[in-house]
Amino acid sequence: MPGKPNQAPEPDDAAGREVTPEEPDTPDRSSAEATPGEDAAVDSNEQPAGESDRPAAASEAPETGPPQAAQGAPLPPMQPVPGAPVPMAPMAQLPTPAGTPYPPPYPLYAPPPPLFDAFWPRPGVSGAPVALVAAVIGGAAAAIFVPLGSAGIGWPLLGLTTAAGMFLVGRKAERKVHIGQICWAAVALLLLSVCAFRSADWLTAWCVLIAGVAGVLAVTGGRSVRAFGLAAIAIPVAALRALPWTVRGLRERGPGPVGLRLVASLVVTVVLLLVFGALFASVDENFAALASAVLPRLDGESFFRWTFVLVVFGMAALGAAFTLLRPPEPAEATREVKTLRRLEWALPIGVLVVLFAAFIAVQSTPMFGGEQHVQHTEELTYADYARSGFWQLTFVTILTLPIIGAAARWAPKRTQFDRHLLRGLGGALAVLTLLIVFSALIRMWAYQDAYGYTVMRLLVMSCELWLGVVYLLVIAAGVRLRAGWLPAAVVGTAMAALLGLAALNPDAFIAERNIARFEATGKLDQDYLERLSADALPALQGLPEEARGPIIAEITEDLFDEGWRSWNLSDHLARQP
């Protein structure tokens, strides 16, 4: 300002002026009476402390002349610039610092893979048409062949037809079929063939169930315990995963002229069969009877057969084809298994060995005495002898298996002494358990000789024999401390035991043993023999006529006839005069 020569000139622009915010104060009357047209400009040396600069009131603004710029004066309001607006440059054309990418690299979101794709990827869609053909073959074969209420030749026919469909898929598979899968498939067909020879419902039901297990193992080809556990759910899961996979494969192939020609060929085939089949049926009565037996009838059973049975077995065949093309491959544990210290595992196993040995030494006479022990012991019956410890010993036998398996897994095997210790303690426990199995068999054998044979008692004895074989396999695996083959061997021996039981003809064996008991004691459980199947008829010929007649009449009256699907050899022989 004038009068202060050394003071720097005030900037004209407000941007260069530093304004210190101050608290608002009451307006000063003297400033309101200032000269109109001028802003109240007070020097910092002349203005009282704490008093802020304020513009003149709007009602006191001058009519003419622009206000003079003064220190502390506010900026004038912005006015719109006349003319067209200036367009802004696109974001991509703005200058960016060197070395900085644009736009900034944000991490892309990767969706997690589906539930089973980590260890069970989907096969290529090129195999979808073949899998669909196998599913149609399996579902149609089930609807045509399967007897709904009994055993019969329809089950092995279903197995053969389904195996043919899986053979077509196997040629399209992305892996080589090993010999183990062929063996499982052969076992499945053998088990299903039992339905064509035996009539016992309980036996054929077990054969069909275990044949399904063998068929799943033939498809998955698993060998380890983890693979066997995954095979239990493989087919249902694969059936659900195969539906979108099949649709996608058919879409990628497209309808095309080849597909249209195939559909047209199927339509022409059906029309020709209907026309010429009707003409041949009108000529010959035998051919008409054959056609009526093969063609489905329009009733409730046929509707159920061609809807539920076809869909269920067709979905199962589709899942099997999907699994055969690309089976699940669970990752085996590659890291080293943490082992226990020598005393940590040897102490409990050694205590069990001592306990088992003491029990066998104390119970040697009751365990292995059998009939002689019962006869020389007062107030001891065969029933008490068999029931007094049979189920407990059976439970001990079953419980010892995982204990031996746990010891074989977590026991150290680094030194030769550790390996010998594992062989010694594990083998001793297995041998002592094998003696307990033998004792249980002696008890059940004596019980059946005294009270007669039944299906349940025969099954229990068969399970005990199989457990004995399992312990022999465990002992053999412990010799070299290699048990990679043991899971498949255990399952295979169980299926072999069932096939051996079917070859024995259990109903006939039970009838023979009861007839031998009748000849020795004159006691015969006629009510139980009447509940046996037609498999027991050849053995019943050894009974006197007065006892044989009512039993045979009761058995033949209950024969179930569902047509050619339920045909089996035992029922066929029973209907012969």
Side-chain angles (χ1 to χ4, degrees), residues 147 149-156 187 189-211 441 444-466 469 493-562 566-577:
S150 65
I153 198 173
W155 288 107
V187 170
L189 293 177
L190 287 175
L191 288 170
L192 290 177
S193 65
V194 174
C195 299
F197 298 95
R198 300 290 180 244
S199 179
D201 292 336
W202 65 270
L203 178 62
T204 54
W206 275 107
C207 288
V208 170
L209 181 62
I210 303 302
L441 286 173
M444 184 55 65
W445 190 273
Y447 180 75
Q448 291 189 114
D449 280 343
Y451 293 97
Y453 281 67
T454 63
V455 171
M456 180 59 66
R457 296 165 189 170
L458 185 62
L459 283 176
V460 169
M461 287 192 63
S462 301
C463 290
E464 286 290 339
L465 285 172
W466 173 69
V469 173
T493 52
M495 296 179 181
L498 185 58
L499 285 173
L501 192 62
L504 179 64
N505 193 356
D507 280 14
F509 178 77
I510 292 170
E512 289 175 357
R513 299 304 301 175
N514 281 277
I515 292 173
R517 176 173 174 266
F518 169 73
E519 293 174 351
T521 63
K523 298 178 181 179
L524 182 66
D525 191 352
Q526 182 174 341
D527 293 336
Y528 185 80
L529 292 179
E530 291 176 354
R531 295 197 296 268
L532 297 177
S533 66
D535 298 336
L537 291 180
L540 293 175
Q541 301 301 323
L543 284 174
E545 178 62 29
E546 59 275 7
R548 183 178 69 246
I551 296 175
I552 294 178
E554 186 68 25
I555 292 175
T556 55
E557 183 181 358
D558 295 336
L559 293 180
F560 187 81
D561 186 11
E562 197 182 341
S566 61
W567 184 93
N568 64 78
L569 183 61
S570 294
D571 289 350
H572 174 72
L573 295 177
R575 293 188 181 98
Q576 300 299 319

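Since this is a predicted model, take the numbers as computed values, not measurements.
Side chain of N568 to main chain of C195: no donor-acceptor pair is present (N/O by atom type, distance under 3.5 Å, no hydrogens or angles). Counting only distance, with no hydrogens or angles, the side chain of R457 and the backbone of G452 share a donor-acceptor pair below 3.5 Å. S570 contributes a side-chain N or O that, together with a main-chain N or O of F197, makes up a donor-acceptor pair within less than 3.5 Å. When atom types are taken as modelled, the side chain of N514 and the backbone of Y453 share a donor-acceptor pair closer than 3.5 angstrom. Within the 3.5 Å criterion, the main-chain N or O of D201 finds a donor-acceptor partner in the side chain of T204.
The number of heavy atoms from other shown groups lying within 6.0 Å of OH (Y528) is above 12.
Closest non-hydrogen pair, A511 versus L529, comes out as CA-CD2, 4.3 Å. Minimum heavy-atom separation, I551 to Q526: CG1-CG, 3.7 Å.
F518 places none of its side-chain heavy atoms less than 4.5 Å from the side chain of K523. With contacts defined as side-chain heavy-atom distances shorter than 4.5 Å, the pair L532/L537 does not qualify.
L191 meets the side chain to side chain contact (heavy atoms under 4.5 Å, CB included) test with V187, C207, I210, A211, L498, L499; sequence neighbours excluded.
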- Message: With side-chain hydrogen bond (donor to acceptor under 3.5 Å, both in side chains) as the criterion, how do D535 and S199 come out once you've worked through the C-alpha distance, each side chain's angles and the decisive distance to 0.1 Å?
- Response: CA-CA 6 Å; D535 298 336; S199 179; 4.9 Å; no
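Atom CG of L459 sits about 12.5 Å away from atom CD of E464, to the nearest 0.5 Å.
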